[in-house]
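Computed from heavy atoms alone, side chains included, the values below leave out hydrogens, waters and symmetry copies. Remember, predicted model here, so these are calculated numbers, not experimental data.
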Amino acid sequence: EDQVTQSPEALRLQEGESSSLNCSYTVSGLRGLFWYRQDPGKGPEFLFTLYSAGEEKEKERLKATLTKKESFLHITAPKPEDSATYLCAVQGETSGSRLTFGEGTQLTVNP
Amino acid sequence: KAGVTQTPRYLIKTRGQQVTLSCSPISGHRSVSWYQQTPGQGLQFLFEYFSETQRNKGNFPGRFSGRQFSNSRSEMNVSTLELGDSALYLCASSSYHQQFFGPGTRLTVL
């Protein structure tokens, strides 16, 4: 059974204070690891897909990295508008299109 | 390109009733997945439809069902509603392992 654990559950940063979110996973054959951003009352917004260990992807202040057991979402010099819940999900080779999600990290960036 | 649309956005029902939710995927996407999101359980997979056939199913009771039409639009139905069915129901449209979510339908069961 695929499993995803995200830490910390909540993170409070000052504007400009860089940090990282962690996503640990177990899956029988990784097809893809996904990062989403979710604002209150809205659907998850796609950020990145990572497919193999060593892969990195960047978008504005966000950078996602992947190892064989975990993924990190690095946030550089965050702004208040980066405040959201960040969700990590995995898709296994035997899962079809099913994504298994972690509980998310609620990020708050104070001005 | 228009995103995933879901209707209605909000629903209030009472226990024992049934409800039908609708999802229109991104144009050209043939796979539609449904998820339930609650504060206690997070996002959980309900089922996936591809070319009008259910291709994958999560661990939900038979009260939860769905279907897909020839234009890829999908509906999910929940019969005999229970209080615990109150949740945000999300539809995801996928192509080449990328899944894009709609805004969700907020269902409240009283």
Linking I/L/V/M/F/W/Y whenever any side-chain heavy atoms sit under 4.5 Å apart, do [X] and [Y] land together?
X        : Y       : result
A/Leu33  : A/Ile75 : yes
A/Val90  : A/Leu47 : yes
A/Phe34  : A/Val27 : no
B/Phe101 : B/Met76 : no

For [X], I'd like to know if atom [atom1] has over 12 heavy atoms of other residues, nucleotides or ligands within 6.0 Å.
X       : atom1 : answer
A/Glu9  : CD    : no
B/Asn71 : CG    : yes
B/Arg15 : CZ    : no
A/Arg12 : CZ    : no

Check your understanding: Given that the side chain runs from C-beta out, which part of B/Phe47 has a heavy atom under 4.5 Å from chain A: side chain, backbone, both or neither?
Key -> neither
Review point. For B/Glu48, is it the side chain, the backbone, both or neither that has a heavy atom under 4.5 Å from a heavy atom of chain A?
Key: side chain
Practice item. Tell me, out of B/Lys57, B/Gln37, B/Gln6, B/Arg106, who's got the most heavy-atom pairs with chain A below 4.5 Å. Key: B/Gln37
**Study point:** Winner by heavy-atom pair count (cut-off under 4.5 Å) against chain A, out of B/Val4, B/Leu46, B/Leu43
**Key:** B/Leu43
Exercise for review: List the atom of B/Leu90, the atom of A/Pro44, and the distance in Å for their closest heavy-atom pair.
Suggested key: CD1-CD, 3.8 Å
Review point. Any idea which heavy atoms bring B/Leu88 and A/Lys42 closest together, and the distance?
Key: CD2-O, 4.2 Å
Review point. Distance from A/Ser97 atom OG to B/Arg55 atom CZ, nearest 0.5 Å?
Key: 4.5 Å
Review point. Do B/Gln98 and A/Phe46 pass the side-chain contact (heavy atoms from CB on, under 4.5 Å) test, and can you show the C-alpha distance, the side-chain angles, and the key distance before you say yes or no?
Key: CA-CA 8 Å; B/Gln98 312 279 5; A/Phe46 173 79; 3.0 Å; yes
Exercise for review: Kindly say whether A/Leu99 contributes a backbone atom to a donor-acceptor pair with the side chain of B/Tyr35 at under 3.5 angstrom?
Suggested key: yes
Can you tell which part of [X] gets under 4.5 Å to a heavy atom of chain B, answering side chain, backbone, both or neither?
X       : value
A/Arg98 : both
A/Ser95 : backbone
A/Glu45 : neither

